[in-house]
Amino acid sequence: MSVVLTLPLLAQSSEAPEELAIIDRQLVIADFESEDEGWKMQVRRADDGRGLATLGALTPPPVAESVRTLYVSFQGGASAGFRLSPAAPIDIHGHVIGISLWAYGAGRLDELSLLLRDRRGASELCPLGRLDFRGWRQLHCRPPATMEQRPQALSSAQSSGLEILAIVVRLPPGSGSQLTEFSLDRMTAQVRDPHRGPPPDWNL
């Protein structure tokens, strides 16, 4: 039995076109291994509290290849929280589906969020969750739908227009002068990346 296909004129070609297959992949966007990342603690006012963010070793790390993690310690009076900012905004390549971060909690109600900026310059928080657990746990957030990225047809070599400005730490009400301590390790982005797949089967 023969099959006759009627194709639009513009679709007829001597060579079959390649299909674009969209896959998801994980990109490491911060590993807290090098001083070059330059993570610094920021508070609104000098009397809001004090603390430190420093690279150290917390064993065992959640990622086998990790040598160092980011240790954070903070103590403040009436402070509502603080920020951890890299030396420069982290530009993510590829269309971003989600962002993950390893955190070592101590059973407190401190909340972590990522401060993101999109291609229009608009900033929004991407909540990661509370540190109300003990030990290592991977936290996740999905960029708000209102944040504008470049099209999904981007490869991972092209910027999404989405940047990470800071990790925002919000302290629970009434925490007073209690000590906040936690550690962070590898941050990854799940990106949608187009790859050229095999040509379709035209041998009917």
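Just so it is clear, the values below take in all heavy atoms, side chains as well, and ignore hydrogens, waters and symmetry mates.
Annotation: side chain to side chain donor-acceptor pair (under 3.5 Å) contacts of D31 (sequence neighbours excluded): none. Every residue meeting the salt bridge (charged side-chain N to carboxylate O under 4.0 Å, His left out) condition with E148, not counting sequence neighbours, appears here in chain and number order: R119, R120. Annotation: side chain to side chain donor-acceptor pair (under 3.5 Å) contacts of S100 (sequence neighbours excluded): H140. The side chain to side chain donor-acceptor pair (under 3.5 Å) search around R186 returns E65, not counting sequence neighbours. With sequence neighbours excluded, the residues satisfying ring-ring contact (aromatic ring centres under 6.0 Å, His included) with W39 are F32. For the side chain to side chain donor-acceptor pair (under 3.5 Å) test, residues two or more places apart in sequence or in another chain that qualify with Y71 are E181.
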Item to check | side-chain contact (heavy atoms from CB on, under 4.5 Å) assessment of E163 paired with I90 | outcome: CA-CA 5 Å; E163 296 177 315; I90 300 174; over 6 Å; no

Checklist entry - Taking it one step at a time, do S85 and L165 satisfy side-chain contact (heavy atoms from CB on, under 4.5 Å)? => result CA-CA 6 Å; S85 301; L165 302 180; over 6 Å; no

Checklist entry - Taking it one step at a time, do E33 and V67 satisfy side-chain contact (heavy atoms from CB on, under 4.5 Å)? => result CA-CA 7 Å; E33 295 286 344; V67 176; 3.4 Å; yes

Next on the checklist: Could you go through R117 and I164, starting from their C-alpha distance and side-chain angles, then the distance that decides it, and tell me whether this counts as side-chain contact (heavy atoms from CB on, under 4.5 Å)?
Outcome noted: CA-CA 7 Å; R117 181 171 61 195; I164 298 176; over 6 Å; no

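Nearest heavy atom pair, residue C141 against residue P127, reads CB-O, 3.1 Å. Closest heavy-atom contact between W136 and S183: CZ3-O, 3.8 Å. Closest approach of M41 and F74 over heavy atoms only: SD-CD1, 3.5 Å. Smallest separation of non-hydrogen atoms from L55 and E35: CD1-N, 3.7 Å. The minimum heavy-atom distance between G98 and P143, with the atom names listed, is CA-CD, 4.0 Å. Pairing each heavy atom of G107 with each of R134, the nearest pair is N-CG, 4.0 Å.
Side-chain atoms of L116 and M147, non-hydrogen and from C-beta on, do get closer than 4.5 Å to each other. I29 has its side chain out of reach of D91: every pair of non-hydrogen atoms, C-beta onward, lies at least 4.5 Å apart. Side-chain contact between L112 and L139: present, with at least one pair of heavy atoms (C-beta onward) separated by less than 4.5 Å. Contact annotation: the side chain of V72 approaches that of L84 to within less than 4.5 Å [non-hydrogen atoms, C-beta and beyond]. Using a 4.5 Å heavy-atom cutoff, the side chains of P172 and R108 are in contact. The side-chain heavy atoms of L114 and L125, taken from C-beta on, include no pair separated by under 4.5 Å. When side chains are defined from C-beta on, R142 counts as touching I97, because their heavy atoms get closer than 4.5 Å. With a 4.5 Å cut-off on side-chain heavy atoms, F182 and Y104 do not count as touching.
In this structure, a donor-acceptor pair under 3.5 Å is present between the side chains of D185 and S66. No hydrogens or angles considered: nothing links the side chains of T180 and Q75 as a donor-acceptor pair under 3.5 Å.
Linking Ile, Leu, Val, Met, Phe, Trp and Tyr residues whenever their side-chain heavy atoms come within less than 4.5 Å places L27 and L184 in a single cluster. Residues L115 and V43 do not share a hydrophobic cluster, clusters being chains of Ile/Leu/Val/Met/Phe/Trp/Tyr side chains in contact below 4.5 Å. Placement of V168 and L171 in two distinct hydrophobic clusters is found when ILVMFWY residues are connected by side-chain heavy-atom separations under 4.5 Å, directly or transitively.
Atom-to-atom distance recorded for E111:CD and R130:CZ is 5.0 Å, nearest 0.5 angstrom. Between the CZ atom of R137 and the CG atom of L128 there is a distance of 13.0 Å, given to the nearest 0.5 Å. Rounding to the nearest 0.5 angstrom, the gap separating the CD atom in E37 from the CE atom in M187 is 8.5 Å.
Sparse packing is recorded around CZ of R170, with 12 or fewer heavy atoms of other residues, nucleotides or ligands lying under 6.0 Å away.
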